[in-house]
Every structure is written in structure tokens, then in C-alpha cells.
2 protein chains.
Amino acid sequence: MSGRVKEYLQAHNVHPSMQRIVIMNYLLNNRTHPTVDMIYNDISKSMPTLSRTTVYNTLKVLVNNNAVLQLDIDEKEAHYDGYTHVHAHFRCLNCGKIIDLSPKYLDKLITNEIDDLLITETQLYYKGYCSDCKDLGKIPNINNK
Amino acid sequence: MSGRVKEYLQAHNVHPSMQRIVIMNYLLNNRTHPTVDMIYNDISKSMPTLSRTTVYNTLKVLVNNNAVLQLDIDEKEAHYDGYTHVHAHFRCLNCGKIIDLSPKYLDKLITNEIDDLLITETQLYYKGYCSDCKDLGKIPNINNK
DNA sequence: CTTTGTGCAAATTCTTTGCACCAAA
DNA sequence: TTTGGTGCAAAGAATTTGCACAAAG
């Protein structure tokens, strides 16, 4: 079972340490878009030596290697998603819950209510390299960063 | 000229103080998606008594009243946009520049190159109120909060 | 007067850094 | 024995809070 996770990490050029396997496994099995603190609190119950720094370090490595998605939908703190395919997210401004939106909404702007959600705000962000930067070898290598 | 700004603020139920007019005017005339610090540094040249806290306060009021858009495209710090209609944004991961994308890209997922930009990442965020929260009078009133 | 906005300093929160220790190749 | 991962404590950066003063109606 965690053999699968180990392979997943290796496929993404991430050296599969104990901590990395546990954190990646957590993300694959908890599709709740957790924060660093949620991950840390949950995992340290069964792995009391784990440090917050390691959670930060690990998530950075995983994100840089496209094994995990970092969500900036919450201005306070980052959330993480083990499902890396492009998909839309919804965050409730009252309870904070973040959910995936069905792919059928991916290519359209949504206004008002859908699927029993009241949408009040839409943000569409693209990231990459602009014309000035993209040619100049300024694109970083993968591992670490 | 700043009479226009004053009217704009009033139309959004924001009491038009000197500082608010100056900050709103700055955002309407600087479509560079500035951060709090950029706004503070630029404006305090001509208004040395301005405080960073007031910039924070003012932006919060403006955002809450839909007079300004807050962008969370940069995980480090918030950027602000005086143009509030829904539109897509692109941020260069090398130089940090944020630009608006033509509306023609709004309703489609972009991969690879467009308009001389190399897109490596797409984030589609919706915010609002989930089914559990939307009926319960949990939607905050506009002014302040 | 009374309410609302401003601004300083201190506090909070999330994240990163420096460095020593450990483990695996 | 060298390289890379872990974890503690401290530092850093962005933002918020508490409170006193000022301004406007």
C-alpha cells in the first residue's frame, strides 16, 4: 500500500524517505485540501518526532516536482492537494471548506448558484514565464529550487 | 479629477476620506497590480503622514465593498487591482510581473504558449458560500467586517 | 458631542533559515 | 565518508490588533 506511494515519489524524482512517504500518503488519502498545520497535527499523532519544518520542506519538494498541488485560494495559509490534474476549486467564505468542482465547470465562468453553491467571486490565475524571461534560461530546474 | 474618485467611492458605500481617495485614485491610475508596500511607498512620497496601517485598512474596506479586487496569485503578499470586472491574470514566476489576460482567454483553459507567454500552471478558484452555510444568514454585511 | 478614520507600536501568524545531528549509499 | 534528510530554535515577512488622537458631521 505504501509501496504504491514510494513508487509515486520515485516517479516524480523524490527520494522516498519515511516522512515523505507518510506525508504523500496522507495527501493521497485525505482529499480535504489540508494546510501544513492540519497535516502536521494529524501525522504527528502517530509519528511524534515529526517536525513542522519537515512538513514544510517535504511539501516544497513535492510541489516543485509536481507530485502535489499548492492552492493559494486562502489568503491566510497554503492548502495542498495530492490530486495534481488541473481542476477548479471552491472555498466557502464562511466555513472555510475547500472542495473540488466537477470538471464540467472547468471551461466556463460560473456566476450565481451551481450545485447548491452560491458563487460570489471567481479568480483565474495563470503562471509561467513572460516573453522577457522565458528565453533567458531563467526557468529553474526541477529538484529543489 | 479626484471628484470622479470620490463619486466612485460613494457609489460603493465607502466614505471618501483623503487617504481613501488617494489610494483609490492610485489604483485606478496604476494598473500594475501593486502590493501594499508599493502603494505605501509611492503615495507616502507625496503624503508623508500616511501609515501602512491605513493602507491596509483602506484596502480592506475597498475590497469588502467591491471597489477593488484582491489578488492572491502571489503566495508571498497580496496584490490589488482597481479594475473589478472578472478577468484572468498572469504572473511571471521569474520577474514577478502580473498582467491582465485578454478576455478572449477567459473561458478556456490555456496550456503552453499564448501571446508570447509560457504558461506552466493554471489555477481556477471560486469563492462563495456552500450549501450548509448559504442559508443561515452567515453571509456578512458589506461595510467593514 | 459622537462617530468614524488615522497611525503608531506591539503582537500574531505563517513560513523560512541556520545549523547540528542522523541515516543511508 | 560524503551526501542528503530531519528537526530544533531563531529569524523574517506580511498582516492584524489595541489604543490614543484627530477629524468630520
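All values below come from the heavy atoms of this structure, side chains included, with hydrogens, waters and symmetry mates left out. The sequence lines fix the lettering, A, B, ..., with proteins before strands; numbering per chain opens at 1.
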According to a 4.5 Å side-chain heavy-atom criterion applied to Ile, Leu, Val, Met, Phe, Trp and Tyr, with indirect links allowed, do A:V14 and A:V5 form part of one hydrophobic cluster? yes
Cluster link A:V22 to A:L62, ILVMFWY, side chain under 4.5 Å: yes
Just the rounded figure in Å: distance from P of D:dA23 to CG of B:L50. 15 Å
Can you name the closest pair of heavy atoms from B:R91 and B:I73 and give their distance? NE-O, 3.1 Å
Count I, L, V, M, F, W, Y as connected when their side-chain heavy atoms are under 4.5 Å apart, and connections chain through other members. Are A:V68 and A:Y26 then in the same cluster? yes
Polar side chain donor-acceptor pair, A:H33 to A:D74, under 3.5 angstrom: no
How many Å lie between CD on A:Q19 and C1' on D:dG7, as a whole number? 9 Å
Non-hydrogen atoms of A:Q70 and B:Y125 that approach each other most closely: O-OH, 4.2 Å
All heavy atoms of B:L28 vs all of B:G82, minimum pair found to be CD2-O, 3.8 Å
Distance check needed: C:dA23 P versus A:R20 CZ, whole Å only. 16 Å
If I take atom CG in residue A:D74 and atom C1' in nucleotide C:dT15, what distance separates them, rounded to the nearest angstrom? 14 Å
Ignoring backbone atoms, test whether B:S51 places a side-chain nitrogen or oxygen under 4.0 Å from the OP1 or OP2 oxygen of C:dT6. no
Rounded to whole Å, CD1 of A:I21 lies from P of D:dT6 at a distance of 10 Å
Atom pairs under 3.5 Å, N or O on each side, protein against nucleotides 15-21 of chain D: can you list them with distances?
{"from": "D:dT15", "atom 1": "OP1", "to": "B:A78", "atom 2": "N", "distance (Å)": "3.0"}
{"from": "D:dT15", "atom 1": "OP2", "to": "B:Y56", "atom 2": "OH", "distance (Å)": "3.0"}

In whole angstrom, give the distance that lies between atom CE of A:M18 and atom P of C:dA24. 10 Å
Nearest 0.5 Å please: distance from the CG atom of A:N41 over to the OG1 atom of A:T35. 8.0 Å
So which of residues 37-49 of chain B are in contact with DNA chain C, with a heavy-atom cut-off of under 4.0 Å? B:T49
In the single-linkage hydrophobic clustering (I, L, V, M, F, W, Y; side-chain heavy atoms under 4.5 Å), do B:Y80 and B:L71 co-cluster? no
In whole angstroms, the gap separating P of C:dG7 from CD1 of B:I23 amounts to 9 Å
Within this structure, what is the CG-to-P distance between B:N65 and C:dG5, rounded to whole angstrom? 11 Å
